[in-house]
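A short worksheet on the structure shown next.
Throughout, residue positions are numbered sequentially from 1 according to the sequence presented. On a predicted model such as this, the values are computed, not experimentally measured, just so you know.
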Amino acid sequence: NYTTEESSAASDVYKRQRQAITIFGYHGLYRWLAMLLVSGDPQNGKSIIGRMAIVRGRVLEQIGKTPDDSKRGDDLFVVGSFSLLDNILGEPLEKLLNELSISYVMRQALLSRDGPYGLYLSLVEALELGDDAQVDNFCSMLEVAREKLTEVHAAATEWADSMMAG
């Protein structure tokens, strides 16, 4: 049984969570959480991984968003940012995702690179590895011009650097 004090504290936490969801919306809240998680403690080289995750998120958002679906860009940002969460937090990604309420499509992309978002994540991973043949293949499948990808990646890197700086 909860004491009155514990019950009140739990109620306050719930109210703060509901307020955050009301202010940011679920997608905005996940985006904020992603930024917070990946840009945290700079020790042990984790800021480098965090920066890489932010770049991934921004690239996916920019190449995958559509004018008629703002949720898609937010989802892709979270997919890119969370794709390195296991490296940042030192826990298996599947375990971490079980604690989050994310869509099946996002989970599918993160765990197996499947589904509509999986191709985007595979594209940015191929770009990071310098696998030009795979990058060209994914660009073709996603109908993304290679030049646009290069521009978006450069802008995302600058954006991530500015976010990490403060």
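- Contact check for V152 versus R58: no side-chain heavy atoms found under the 4.5 Å cut-off.
- In E128, the CD atom is crowded: over 12 heavy atoms of neighbouring residues, nucleotides or ligands sit closer than 6.0 Å.
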Report task. For side-chain contact (heavy atoms from CB on, under 4.5 Å), just list the numbers for L142 and L123, CA-CA rounded to whole Å, side-chain angles, deciding distance to a tenth of an Å, and then say yes or no. Result -> CA-CA 9 Å; L142 293 167; L123 168 61; 4.0 Å; yes

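- The shortest non-hydrogen separation linking A156 to V59 is CB-CG2, 3.6 Å.
- In this structure, S140 contributes its side chain and D136 its backbone to no donor-acceptor pair below 3.5 Å.
- Remark: the backbone N or O of V78 is not paired with any side-chain donor or acceptor of S81 at under 3.5 angstrom.
- Ion pairing between E151 and K148 fails under the 4.0 Å rule for side-chain N and carboxylate O.
- The two residues I88 and A53 make their nearest non-hydrogen contact at CD1-CB, 4.4 Å.
- Summarising the geometry of P92 relative to D86, their closest heavy-atom pair is C-CB, 4.3 Å, with the distance given to 0.1 Å.
- In this structure, L96 CG and E94 CD are separated by 10.5 Å, a value rounded to the nearest 0.5 Å.
- Summarising the geometry, atom CZ belonging to F138 is positioned 12.5 Å from atom CZ belonging to R146; distances are rounded to the nearest 0.5 Å.
- Scanning all heavy atoms of the two residues, the minimum distance from A109 to G118 falls at CB-N, 3.5 Å.
- By the 4.5 Å heavy-atom criterion applied to side chains, L110 and L85 are not counted as neighbours.
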**Report entry** Audit row: K71, D74, side-chain contact (heavy atoms from CB on, under 4.5 Å) steps and yes/no
**Finding:** CA-CA 5 Å; K71 177 186 173 294; D74 289 339; 5.6 Å; no

Requested in this report: For side-chain contact (heavy atoms from CB on, under 4.5 Å), just list the numbers for Y117 and D75, CA-CA rounded to whole Å, side-chain angles, deciding distance to a tenth of an Å, and then say yes or no.
Outcome: CA-CA 9 Å; Y117 297 164; D75 283 356; 3.2 Å; yes

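- Here the CG atom belonging to N137 is positioned 5.5 Å from the CD atom belonging to Q134, to the nearest 0.5 angstrom.
- Between G64 and R72 the shortest heavy-atom distance is O-NE, 2.6 Å.
- Rounded to the nearest 0.5 angstrom, L111 CG and L121 CG are separated by 10.5 Å.
- To the nearest 0.5 Å, atom CG of residue L89 and atom CZ of residue F82 are 9.5 Å apart.
- The minimum heavy-atom distance between R51 and T157, with the atom names listed, is NH2-CG2, 2.8 Å.
- With R56 contributing its side chain and V124 its backbone, the two residues share no donor-acceptor pair below 3.5 Å.
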Requested in this report: Give the intermediate values and the outcome of side-chain contact (heavy atoms from CB on, under 4.5 Å) for residues K65 and L76.
Outcome: CA-CA 8 Å; K65 69 181 179 180; L76 284 164; over 6 Å; no

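- Atom OG of residue S122 and atom CG of residue D131 lie 11.0 Å apart, to the nearest 0.5 angstrom.
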